[in-house]
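Report on the structure given below.
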Amino acid sequence: MIDSTASPVLDGHAIVAAKRKALRPSVETTHITVLVPVYDEADAINLFLARIYPILDSEGGTYTITFINDGSRDNTLGILLRASQLNPNISVINLTRNFGKEAALTAGLDQCDADAVIVMDVDLQDPPELIKPFVKNWRDGYDIVYGKRTARRTDSFLKRWTAKKFYKFFNSISNVEIPDNVGDFRLIDRRVVDAMGALKERNRFMKGLFAWVGYPAIAVPYERPQREAGKTKFGFGRLWNFALDGIFGFSTIPLKAWTYFGVLVAMGAIIYAAIVFVQTLMFGIDVPGYASLTIFILGLSSAQLISLGIIGEYLARLTLESKQRPNYLIEHHYKDDAS
Ligand code: UDP
Ligand code: MG
């Protein structure tokens with residue numbers, strides 16, 4: 001399962017990892033937290049627990065499974081609290097409403113005090129069996145171990161295609177690079193958790209933030225299976241907003257690009273003016289030209305509207321950031337004695 005091909009030569013990451021290895025806690029004293037955001041997942045929780053218990057039990061050390069209930073409207077909270085009564089290793093952070101997966105993850109990261117944190121979905125699309133190679137690589141000194149999807153046969157063609165194009169575009173215009181085919185499923189070391197906590201922005205595009213903090217990372221390849229129960233919470237509209245958050249949160253190029261576009265248009269206008277000037281000198285004043293004029297006006301005004309829209313996107317985000325609202329509100333953190 002471990003990807004030995006990911007770093008065939010001793011790169012910078014491997015060198016740092018080799019140094020960090022000695023600093024890892026012993027197996028018996030290690031505490032690992034598994035963070036699981038859940039939104040309307042009543043059907044999936046018990047399937048998830050049944051698969052993950054034996055794996056965590058065989059890991060050595062202690063563990064907590066922290067579910068973040070992201071304002072579920074079904075019986076998710078009831079099922080979680082019941083599970084936490086049966087198993088003291090389960091804790092439940094109950095948010096006051098649905099804040100979205102990114103905010104739910106932020107809440108979980110802010111609350112946990114483990115040596116290493118594993119972030120995963122509840123629907124078993126992130127196979128719990130990967131926890132073993134994740135922890136192994138972490139013990140070998142890597143601070144981030146992420147799952148890399150080798151096949152996404154379970155996703156529709158359209159979703160795969162748009163995802164591929166989006167990340168290609170994102171990487172070309174932003175100054176942090178998101179690895180290909182990588183989701184939130186990963187293990188992160190305590191110091192990465194702390195670094196994430198220091199990023200106070202409200203726009204929580206997690207994949208971008210994970211990439212921004214850096215640290216030695218390694219990939220573990222896996223095949224992404226079908227969702228075990230329930231259905232996806234990310235429809236087209238949500239994915240669209242997700243993509244916009246990523247782009248406007250991590251790149252200012254869309255804002256700057258208009259300057260260059262404006263220069264191009266201005267150059268075109270000067271050339272055209274010169275042509276008209278020469279034409280007028282040679283052939284006198286020409287009345288026709290309404291059609292081309294109308295096309296110019298339409299073209300330029302649509303360009304202006306688009307650029308205004310892009311400024312609006314940044315302005316909207318600035319407005320939200322300046323309000324300094326918290327990313328989430330916790331109703332209660334149900335732990336151990338599950339009250
Ligand atoms: N999720 C969440 N809040 C939301 C939407 C989703 O906590 O507003 C959780 C969801 O319960 C699941 C994970 O995020 O554990 C991934 O969601 P999903 O499986 O629907 O995404 P997909 O795999 O289709 O991209
Ligand atoms: Mg899923």
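Whatever order the structure lists ligands and atoms in, that order sets their numbers, starting from 1. Fair warning: this is a prediction, and the values are worked out from it, not measured in the lab.
- Of the options Asp123, Asp40, Ile45, the smallest heavy-atom separation from atom 19 (O) of ligand 1 is shown by Asp123.
- Ring geometry for Phe248 against Tyr314 counts as perpendicular: the plane angle is over 60°, on a 0 to 90° scale with 30° as the lower cut.
- Looking from atom 17 (O) of ligand 1 to the surrounding protein, the closest heavy atom is Phe234 CE1, 3.7 Å.
- Among all protein heavy atoms, the one lying closest to atom 23 (O) of ligand 1 is Gln125 OE1, 2.8 Å.
- Nearest protein neighbour of atom 14 (O) of ligand 1, counting heavy atoms only, is Lys101 CD, 3.3 Å.
- Summarising the contacts of atom 1 (N) of ligand 1 with Phe185, Tyr39, Phe99, the nearest heavy atom is found in Tyr39.
- When you scan the N, O or S atoms of Asp123 for the one nearest the Mg ion (ligand 2), you land on OD2.
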Practice task
Take Tyr146 and Phe210 through the test ring-ring contact (aromatic ring centres under 6.0 Å, His included) and record every step on the way to the result.
Solution key: CA-CA 10 Å; Tyr146 51 79; Phe210 279 133; 9.6 Å; no
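- Atom 15 (O) of ligand 1 has Pro37 O, 2.8 Å as its closest protein atom, hydrogens excluded (heavy atom only).
- Inclusion of Thr232 in the first shell of the Mg ion (ligand 2) is not supported: no N, O or S atom falls under 2.8 Å.
- What sits closest to atom 18 (P) of ligand 1 on the protein, heavy atoms only, is Arg227 NH2, 3.5 Å.
- Heavy-atom contacts of Arg224 reach the following atoms of ligand 1: 23 (O) (cutoff under 4.0 Å).
- If you check the side chains of Thr64 and Ser91, you find no donor sitting under 3.5 Å from an acceptor.
- A salt bridge is defined here as a Lys NZ or Arg NE, NH1 or NH2 lying under 4.0 Å from an Asp or Glu carboxylate O, and Lys21 with Asp140 meets this definition.
- Ligand-side atoms of ligand 1 in range of Asp121: 13 (C), 15 (O), 16 (C), range being under 4.0 angstrom from any heavy atom.
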Exercise for the section: Might you work through the ring-ring contact (aromatic ring centres under 6.0 Å, His included) test for Tyr142 and Phe134, ending with a clear yes or no? Expected result: CA-CA 9 Å; Tyr142 285 94; Phe134 275 16; over 10 Å; no
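- With respect to Arg97 and Asp70, no salt bridge is recorded, no charged nitrogen being found less than 4.0 Å from a carboxylate O.
- Counting non-hydrogen atoms of other residues, nucleotides and ligands closer than 6.0 Å to CH2 of Trp258 gives a total above 12.
- Every atom of ligand 1 is numbered from 1 in the order shown, and the set under 4.0 Å from a heavy atom of Lys159 is 24 (O), 25 (O).
- Taking atom 22 (P) of ligand 1 as the reference point, the nearest protein heavy-atom neighbour is Thr232 OG1, 3.7 Å.
- Ranking protein heavy atoms by distance to atom 12 (C) of ligand 1, first place goes to Glu41 OE2, 3.5 Å.
- A salt bridge does not link Arg160 with Asp180: none of the charged nitrogens is closer than 4.0 Å to a carboxylate oxygen.
- Under the 4.0 Å criterion applied to side-chain N and carboxylate O atoms, Glu321 and Arg317 are not assigned as salt-bridge partners.
- At a threshold of 4.0 Å, the pair Asp121-Lys101 counts as salt-bridged, since one of the basic side-chain nitrogens sits closer than that to a carboxylate oxygen.
- Heavy-atom contacts of Arg238 reach the following atoms of ligand 1: 4 (C), 8 (O) (cutoff under 4.0 Å).
- When heavy-atom distances to ligand 1 are checked against a 4.0 Å cut-off, Asp70 comes that close only through its side chain, counted from C-beta outward.
- Taking 4.0 Å as the cut-off between side-chain N and carboxylate O, Asp189 and Arg20 count as a salt-bridged pair.
- Contact annotation: for Lys233 versus ligand 1, heavy atoms closer than 4.0 Å belong to both the backbone and the side chain.
- Of the heavy atoms in Met120, none comes closer than 4.0 Å to ligand 1.
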